[in-house]
Structures are given as C-alpha cells and as structure tokens.
Amino acid sequence: MRILALETSCDETAVAVVEDGRRTLANIILTQNELHAQYGGVVPEAAARQHLGAINRCLDQALQQAGLSLENVDCFAATLGPGLIGSLLIGANAAKALSLVSGKPFRGVHHLYGHVCANYLDSDLKPPFLCLLVSGGHTQLIHVSDYDRMEILGETLDDAVGEAYDKTGRLLGAGFPGGPALDRLAQHGNSKAFNLPTARTQGPYDFSFSGLKTAMRRAYERACAEPAPSPTLQEDLAASFQHTVVETLFRKTLACAEARNLTTIAIAGGVSANQGLRQRFQAFASNHPDYRVCVPKMAYCTDNAAMIASSAFFNPLTDNWTMEVFSRTPAKSCEASQP
C-alpha cells in the first residue's frame with residue numbers, strides 16, 4: 001500500500017510517500033527556521049501562511065521524487081493534531097481534498113503516534129518495546145505493546161525537553177532553534193564545569209525540567225558577574241546542561257525498561273536528533289548486547305510526513321484511541337534534588 005501523507009502541525013511543510021509503512025519512496029521537508037528565527041520562536045499565523053504557499057510545490061516534488069502520479073497512490077493521510085490549528089488545517093484540508101477528488105481513503109493521524117512510528121521506517125522494529133518520546137512539546141515514556149496498543153508510563157510535569165533546550169538556548173544567545181545550537185556547543189564544552197540539579201518526582205518515570213532551566217539562569221548570571229568570565233563559558237554551560245538532561249532521560253528510561261522487562265528501547269521525536277542523547281544510548285547498547293536501541297534516521301527525527309504515512313498504515317482507523325492514549329496528565333509533584 002502506497003500512502004501519501006502531509007504533515008503541517010508546526011513550522012515544517014512536509015509531504016511523503018511511504019510503501020507498506022516502512023519503505024520511503026519520497027520525503028520532502030521545507031523548514032521555516034529562517035523566518036521564525038527573527039522572532040525567537042514560531043509565529044502561528046506566519047507559519048500557516050508559509051504552509052499555504054508551499055503545500056502544492058511540496059506535493060509536486062514528492063510525487064516526482066517517488067516517480068508516481070496521484071493515480072498510483074492508494075491512500076491519503078495527514079496530521080490532525082496536536083499542533084497549531086491554522087497550520088494543521090492546511091495539510092489536513094489538502095489531504096482530504098485529494099481523497100475526495102480521487103475517491104481514495106483518508107486517514108487522520110495523531111502527531112505523537114507519528115513520532116513513534118518513525119522508528120518503523122527503513123527498519124525491522126516490531127512491538128513490544130519502550131519508546132522515549134522527546135520533542136519540543138512532549139517528553140514521555142511509552143510502552144508500545146502492539147502497533148495499536150500503547151500505555152504512557154511517565155511524562156514531563158512541566159517543560160518538555162525541547163522546550164527546555166529552546167529556552168536555555170535563548171538564555172545563552174545560541175540562536176533558534178535552541179536544541180541543535182546547544183548540541184553543537186556542548187561538543188566543545190566541559191560537562192562537569194557546572195553542578196546542575198535534577199528533579200526528584202513522585203512518579204518514578206515522570207520528568208521535570210523547569211528547575212533545571214532556572215538553575216541554568218542562575219549559574220549563567222553568577223558566571224557572567226565574575227571579573228573574568230571563562231572564554232568557554234557558553235560551551236561549558238551547554239555541555240553541563242546537556243549532560244544533566246541526557247543522564248536524566250537515560251536513567252529513567254533504563255529503570256522503566258528493567259521494571260517492565262523490555263529489552264528494546266526506541267527513541268523518537270525531534271530531540272532524538274541530539275548527538276549527546278544518541279551517543280549515550282548507543283554506547284549503552286554496544287556494551288549490553290541483551291539490549292537493542294533503535295533511533296530513527298536523522299531525516300525522520302524532526303517533524304516529517306514519512307512518519308505520518310507509516311502511522312496511517314499501522315493504524316488504519318481514524319478513531320480517537322491515540323488521542324486517549326496521549327492525553328494522560330498525572331497530577332504529581334516534584335522537588336529539586338542536587339546530584
């Protein structure tokens with residue numbers, strides 16, 4: 001089955017064609033980073049207008065790359081949420097229009113389920129496994145027991161990892177988006193230069209990063225107030241921040257996997273492109289042959305339509321089950337704990 005999918009949930013206009021949920025025939029992604037960088041964040045109305053102007057061009061490019069015409073497509077899919085309402089409407093309405101005109105089925109997809117399914121692309125991964133989903137708006141540990149059966153075991157109580165990276169990147173003047181910028185800086189810094197706190201949460205597999213963000217601001221202000229700040233201050237702060245985040249994610253993910261007797265761990269979401277995070281998990285897997293760690297190819301880490309097409313294949317129903325799965329919001333407390 002060849003599925004053409006559109007993803008416009010935020011600031012990437014993406015169109016892809018995927019065969020049988022795993023083989024990518026085309027994957028077109030048009031980013032808007034240059035536009036939104038001047039504002040230090042995504043402007044919803046501007047993002048929607050960019051999608052509107054780019055969607056037809058991306059569709060043409062995807063079909064050309066796949067070597068197909070619309071007649072060769074078996075199904076159309078699009079992200080229905082969560083995301084920016086104006087942006088979501090562009091992709092969803094375009095896919096629905098193509099479905100109506102061609103008489104082919106339409107499948108609506110939950111964006112977070114799409115990130116989980118990014119691990120199926122160009123891969124033989126099958127459930128069950130534990131998925132660490134880390135993105136700009138979400139941080140979750142998900143037990144994927146089957147293609148259409150998932151359970152959230154833990155999630156962030158405040159800032160998501162990507163959000164914490166963006167805010168810290170803005171603090172250090174690293175630019176937008178903050179995640180890739182901090183990741184590059186961290187490669188040249190001393191991860192032990194600053195002793196940053198981690199959060200102790202009531203739920204053993206929940207996360208909290210708001211305290212770390214505040215600690216970073218205080219450490220930055222104290223360091224800048226010194227008579228002769230270190231010439232590698234920016235790099236050392238980035239490395240210390242990234243080390244704390246990565247170790248928190250790794251420690252809780254491994255504890256959760258051991259508790260559930262899961263030996264396959266998948267990482268998904270935009271932050272799965274982070275080199276520090278990938279290296280930490282891959283180093284663990286190389287030293288522990290009983291475990292398997294799966295990380296999507298870089299092209300499938302950030303928002304893309306290939307993962308939406310894959311998820312439309314593995315969950316052919318356009319019902320609310322994914323919405324119910326990802327709506328878990330535990331009322332739990334957290335407190336800061338020095339390492």
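These numbers come from the heavy atoms of this one structure, side chains and all, not from hydrogens, waters or symmetry mates.
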Do [X] and [Y] have side-chain heavy atoms sitting under 4.5 Å apart?
{"X": "R278", "Y": "C301", "value": "yes"}
{"X": "I3", "Y": "M1", "value": "yes"}
{"X": "L63", "Y": "L4", "value": "yes"}
{"X": "T156", "Y": "S208", "value": "no"}
{"X": "H111", "Y": "M307", "value": "yes"}
{"X": "R57", "Y": "L30", "value": "yes"}
{"X": "R23", "Y": "L25", "value": "yes"}
{"X": "R280", "Y": "E247", "value": "yes"}

>> Evaluate D148 against F314 for side chain to side chain contact (heavy atoms under 4.5 Å, CB included), listing each step before the verdict.
In response: CA-CA 7 Å; D148 60 350; F314 287 109; over 6 Å; no
>> Give me each pair satisfying ring pair (Phe, Tyr, Trp, His ring centres under 6.0 Å) with a member in residues 266-286, each pair once, sequence neighbours excluded.
In response: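 Checked against ring pair (Phe, Tyr, Trp, His ring centres under 6.0 Å) - neighbours excluded - the pairs reaching residues 266-286 are F250-F281, F250-F284, F284-H288, F284-Y291.
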> Do F313 and V116 belong to the same hydrophobic cluster, where Ile, Leu, Val, Met, Phe, Trp and Tyr are linked whenever their side-chain heavy atoms lie under 4.5 Å apart, directly or via other members?
Replying inline: yes
> Passes side chain to side chain contact (heavy atoms under 4.5 Å, CB included), S102 versus L70? Steps please.
Replying inline: CA-CA 8 Å; S102 65; L70 288 175; 5.8 Å; no
Give, for atom [atom1] of [X] and atom [atom2] of [Y], the distance between the pair rounded to the nearest 0.5 Å.
{"X": "H115", "Y": "S310", "atom1": "NE2", "atom2": "OG", "result": "13.0 Å"}
{"X": "L52", "Y": "T8", "atom1": "CG", "atom2": "OG1", "result": "10.5 Å"}
{"X": "N33", "Y": "T302", "atom1": "CG", "atom2": "OG1", "result": "9.0 Å"}

Where [X] and [Y] come nearest, the two heavy atoms and their spacing:
{"X": "D206", "Y": "G154", "value": "OD1-CA, 3.2 Å"}
{"X": "V18", "Y": "G21", "value": "CG1-C, 3.7 Å"}
{"X": "A193", "Y": "S240", "value": "N-OG, 3.7 Å"}
{"X": "V134", "Y": "T139", "value": "CG1-CG2, 4.0 Å"}
{"X": "I29", "Y": "E12", "value": "CG2-CG, 3.9 Å"}
{"X": "F209", "Y": "D158", "value": "N-OD1, 2.9 Å"}

What I want to check is whether the side chains of [X] and [Y] have a donor and an acceptor closer together than 3.5 Å.
{"X": "H110", "Y": "N315", "value": "no"}
{"X": "D60", "Y": "Q64", "value": "no"}
{"X": "D11", "Y": "H51", "value": "no"}
{"X": "N274", "Y": "Q242", "value": "yes"}
{"X": "D236", "Y": "T232", "value": "yes"}

Under 3.5 Å, sequence neighbours excluded: what are the donor-acceptor pairs made by side chains of residues 120-130?
| from | atom 1 | to | atom 2 | distance (Å) |
| --- | --- | --- | --- | --- |
| D122 | OD2 | K297 | NZ | 3.3 |
| D122 | OD2 | Y300 | OH | 2.8 |
| S123 | OG | N119 | O | 3.2 |
| S123 | OG | L125 | N | 3.0 |
| D124 | OD1 | R292 | NH2 | 2.7 |

>> I'd like to know whether L59 forms a side chain to side chain contact (heavy atoms under 4.5 Å, CB included) with L98, so could you lay out the CA-CA distance, the side-chain angles of the two residues, the decisive distance to 0.1 Å, and finally the verdict.
In response: CA-CA 11 Å; L59 275 167; L98 290 170; 4.0 Å; yes
Would you give me the side-chain donor-acceptor pairs under 3.5 Å for residues 253-269, sequence neighbours excluded?
| from | atom 1 | to | atom 2 | distance (Å) |
| --- | --- | --- | --- | --- |
| T253 | OG1 | L249 | O | 2.6 |
| R260 | NH1 | H143 | ND1 | 3.4 |
| R260 | NH1 | E151 | OE1 | 3.4 |

> side-chain contact (heavy atoms from CB on, under 4.5 Å) with A94: which residues, sequence neighbours excluded?
Replying inline: L6, I55
> With sequence neighbours excluded, what pairs up with A48 under the side-chain contact (heavy atoms from CB on, under 4.5 Å) test?
Replying inline: S87
Would you tabulate the side-chain donor-acceptor contacts of residues 71-86 under 3.5 Å, counting partners in other chains and residues two or more places apart, or write 'none'?
| from | atom 1 | to | atom 2 | distance (Å) |
| --- | --- | --- | --- | --- |
| E71 | OE1 | S69 | OG | 3.0 |
| N72 | OD1 | S69 | N | 2.9 |
| N72 | OD1 | S69 | OG | 3.0 |
| D74 | OD2 | R2 | N | 2.8 |
| T79 | OG1 | E7 | OE1 | 2.4 |

>> For Y165 and F241, I'd like to know if the aromatic rings sit close, meaning centre-to-centre distance below 6.0 Å.
In response: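 They qualify: ring centres under 6.0 Å apart.
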